[in-house]
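These numbers were taken from a predicted model, which means no experiment stands behind them. Within every chain, numbering begins at 1; the chains are lettered A, B, ... in the order of the sequence lines, protein sequences first and strands thereafter. Heavy atoms only: backbone and side chains are in, while hydrogens, waters and symmetry mates are out.
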Protein chains: 2
Amino acid sequence: MSLSRESAPVTMEMVAKAAGVSMSTVSRVLTGTVAVSETKRVAIEKAIAELRFVPSPVARSLAKGRSMTIGIVTQAIDSPFYGLAMRGIEDELNPAGYMPLFVSGHWNVKTECQCIDALRARRVDGVIVLTGRLTDQALIECARFLPTVVTGRNLTAPGICAMNFDHFSGGMLATRFLLESGHRRIAFIAGDPDQPNSSERQRGYQAALEAAGIAFDPDLVMPGDFHEASGMLAVDRLVTAHIPFTAIFAANDQMAYGAALGLRRRGLRVPDDVSLVGFDDLPGSQYAAPPLTSVRQPAYELGQVAAVAMLQMLSGTIPTCDLPPLTLTTRESTRRLLG
Amino acid sequence: MSLSRESAPVTMEMVAKAAGVSMSTVSRVLTGTVAVSETKRVAIEKAIAELRFVPSPVARSLAKGRSMTIGIVTQAIDSPFYGLAMRGIEDELNPAGYMPLFVSGHWNVKTECQCIDALRARRVDGVIVLTGRLTDQALIECARFLPTVVTGRNLTAPGICAMNFDHFSGGMLATRFLLESGHRRIAFIAGDPDQPNSSERQRGYQAALEAAGIAFDPDLVMPGDFHEASGMLAVDRLVTAHIPFTAIFAANDQMAYGAALGLRRRGLRVPDDVSLVGFDDLPGSQYAAPPLTSVRQPAYELGQVAAVAMLQMLSGTIPTCDLPPLTLTTRESTRRLLG
DNA sequence: CGCTTGTATGCAAGCGCTCTCAAATTTGCT
DNA sequence: AGCAAATTTGAGAGCGCTTGCATACAAGCG
């Protein structure tokens, strides 16, 4: 395995020599900042092509102090929801010549801090934080050094651009839909209480209930942690406690999947016996059995908007942090309750 | 938004000055290569701590010619299967001080080539290619410059480490299980014909049939492309053509999900009317309705093994490319056919 | 005590590129 | 043709760190 690899890459100096010009001139045609005479430009381009010269971003970063890299703090590289956002970021950053550098915080404040440090050490030109548990303070601190975009929270601070969906409305949307379908006993499976968005969804649920003149019954609210298992457990509890319900609104799709399985295990059919609504509208929800009705969070677009905002900050423009509203995707996991 | 950020980061020179030593000495305690007197070391460490100095990987990369970064060519940053592998890579690389740099090839030869070029330009120290459509030749070329690890194919070449699961056995495993459960009419939904692994699975299917003395019926093989929609379409065709079958083996889980939905639409129940087996055992399969029986590809472990192999190559060791065997995870989407 | 080993330190030359500044060249005008 | 102005070009000083080489100093020996 001790293979001798092609060694020294072609450098700008070699190109300059080959084209009979100075390095400065080569650099100029590369960056395109200053005009260069036609003849020289052609000669240089020819030399570049012949030598297959590729400028070193490393050297360039060092010289310019910019790395053309944007650090992305995601929570897990294999997260179905953030995966979509990452894709949106990637699709938006690449054409602009930037490369995303993904690191995972694993919903752990300390890890997330280390991520930011590592990114700063690598001289990224900006940081996009996808939700996470970092304190606002930590983000403000981060923004002192680098343009910072953060999703999943509302925060106004200098040099920072925050964007968030309206989870409250999303919660209302789902609940109202169930209400309008004739459901009165709607269970709610809550998400991770540490995440503000989670409680926003719950507030939406309660607000919709209230608006419909239905008393809020705390017995119908089950704790959860955004993972499948907790959705399943919630159903177990509900059934075991003999709490009547005709619908379930889960604070995210993963818990809805778990709930679906829990219902199935109990011999309850979706949507015949119980209507089920999720939140996120993950790609898989379309092919769930039955296909899941869910509050759609356009994650891909979220990523795009975040990336564009970053690009704007980088170019000195005031970023636009507007996100599309949450919508409800109705599928087959819900049904109208007859009179 | 024109915030004036903290500007010049702390440099080694400042540390050297603060500690009253030369930069070389600072560098030496940083890299730990050469012995440094106790007193100076303490002084330097103190200065580093006080100034909160973090060495610039960019400058270091330029000076050493190594970036402590490993390029990962994945196919889609939001792929459920490769996501797990990426996580395995991340978990293995980080403790070793390396950072993975993920780029997406989107199953497109040209894009994948660009990915490799971009990674090389960024001076990554090695490349891990997760399957993809690159020609063996392109990989061999890549390995001329950088340590290369590739998954999902078998390839022996200098400086390259390839690892692959035994998809043929996986195909046999699933089929044999169905056979042993009493099924005789087993439909197969094929994957993307361009991927060798896909046809390997099919070969396994046919081999198992043959071994059981059952004639292979080409009518039972439906084309597919590894996506949900094609699984659904396959069921449609099967049913429309009145081809009898009691089980379906889909070449991956996503198509199995699609097939499950297709069956549901046709009023066929899983597993009562039709048994269903997938391939991959994606995280979601555990919570599918019903939970899906599937050939488990340990993707996370795959990532780990790939990362370890890379680390070994980097340290001049002969890499180990052994992957665990494929196993069958039996869940509720299959049932025994009564004699 | 002078000599050879050995160890700890500093100097300075890169790594490959960018960018300022001044020199060299061209252009425009009278 | 002659001069100022505009344009193109090159030299060279960084960017922050590593490292080979030389120097300084301490220890070990006869």
**Report entry** Whichever of A:R28 and A:L62 has its nearest DNA chain C nucleotide further upstream toward 5'
**Finding:**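 Its nearest nucleotide lies further toward 5', so the answer is A:L62.
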
**Report entry** Residue closer to the 5' end of DNA chain C, B:V21 versus B:K64 (nearest nucleotide)
**Finding:**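 The residue mapped nearer the 5' terminus is B:V21.
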
Tell me: [atom1] of [X] to [atom2] of [N], nearest whole Å?
| X | N | atom1 | atom2 | answer |
| --- | --- | --- | --- | --- |
| A:K17 | C:dG16 | NZ | C1' | 14 Å |
| B:R66 | D:dG16 | CZ | P | 22 Å |
| B:M23 | D:dG20 | CE | C1' | 15 Å |
| A:R60 | C:dG16 | CZ | P | 14 Å |
| B:M14 | D:dG16 | CE | P | 10 Å |
| B:L30 | D:dC17 | CG | P | 8 Å |
| A:R123 | C:dC17 | CZ | C1' | 17 Å |

Query raised in the report: Crowded around A:Q114 CD? As in, over 12 foreign heavy atoms under 6.0 Å?
Result: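 For A:Q114, atom CD is crowded (more than 12 foreign heavy atoms under 6.0 Å).
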
Query raised in the report: For B:E301, does the CD atom sit with more than 12 other heavy atoms under 6.0 Å from it, leaving out its own atoms?
Result: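 Yes, the 6.0 Å shell around CD holds more than 12 heavy atoms from other groups.
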
**Report entry** Donor + acceptor pair across side chains of B:T320, B:Q312 (<3.5 Å)
**Finding:**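 Looking only at side-chain atoms, B:Q312 and B:T320 do form a donor-acceptor pair, the distance falling under 3.5 Å.
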
Please classify the nucleic acid contact of [X] as base, sugar-phosphate, or nothing, using heavy-atom distances under 4.0 Å.
| X | answer |
| --- | --- |
| B:S37 | sugar-phosphate |
| A:T31 | sugar-phosphate |
| B:V58 | nothing |
| A:T25 | sugar-phosphate |
| B:T11 | sugar-phosphate |

Query raised in the report: What salt bridge (Lys or Arg N to Asp or Glu O under 4.0 Å) pairs are there with at least one residue in residues 131-140 of chain B, not counting sequence neighbours?
Result: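 Matches after skipping sequence neighbours: B:R133-B:D192, B:D136-B:R153.
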
**Report entry** Nearest-nucleotide 5' precedence on DNA chain D, B:E13 against A:S24
**Finding:**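 Here A:S24 is the residue nearer the 5' end.
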
**Report entry** Partner set under disulfide (SG to SG under 2.5 Å) for B:C113, not counting sequence neighbours
**Finding:**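 B:C113: no disulfide (SG to SG under 2.5 Å) contacts found.
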
Report task. Taking the side chain as every heavy atom from C-beta outward, state whether A:T25 and A:V36 have any atom pair closer than 4.5 Å. Result ->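 A side-chain contact under 4.5 Å exists here.
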
Query raised in the report: Below 4.5 Å, heavy atoms only, C-beta onward: do A:V124 and A:L146 meet side chain to side chain?
Result: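 A:V124 vs A:L146: side chains touch.
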
**Report entry** Heavy-atom donor-acceptor pair, B:S61 side-chain to D:dC17 base, under 3.5 Å
**Finding:**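 No such pair is found, so the answer is no.
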
Query - Heavy-atom protein contacts under 4.0 Å, nucleotides 22-28 of chain C, coded B base, S sugar-phosphate only, - none - result: -------

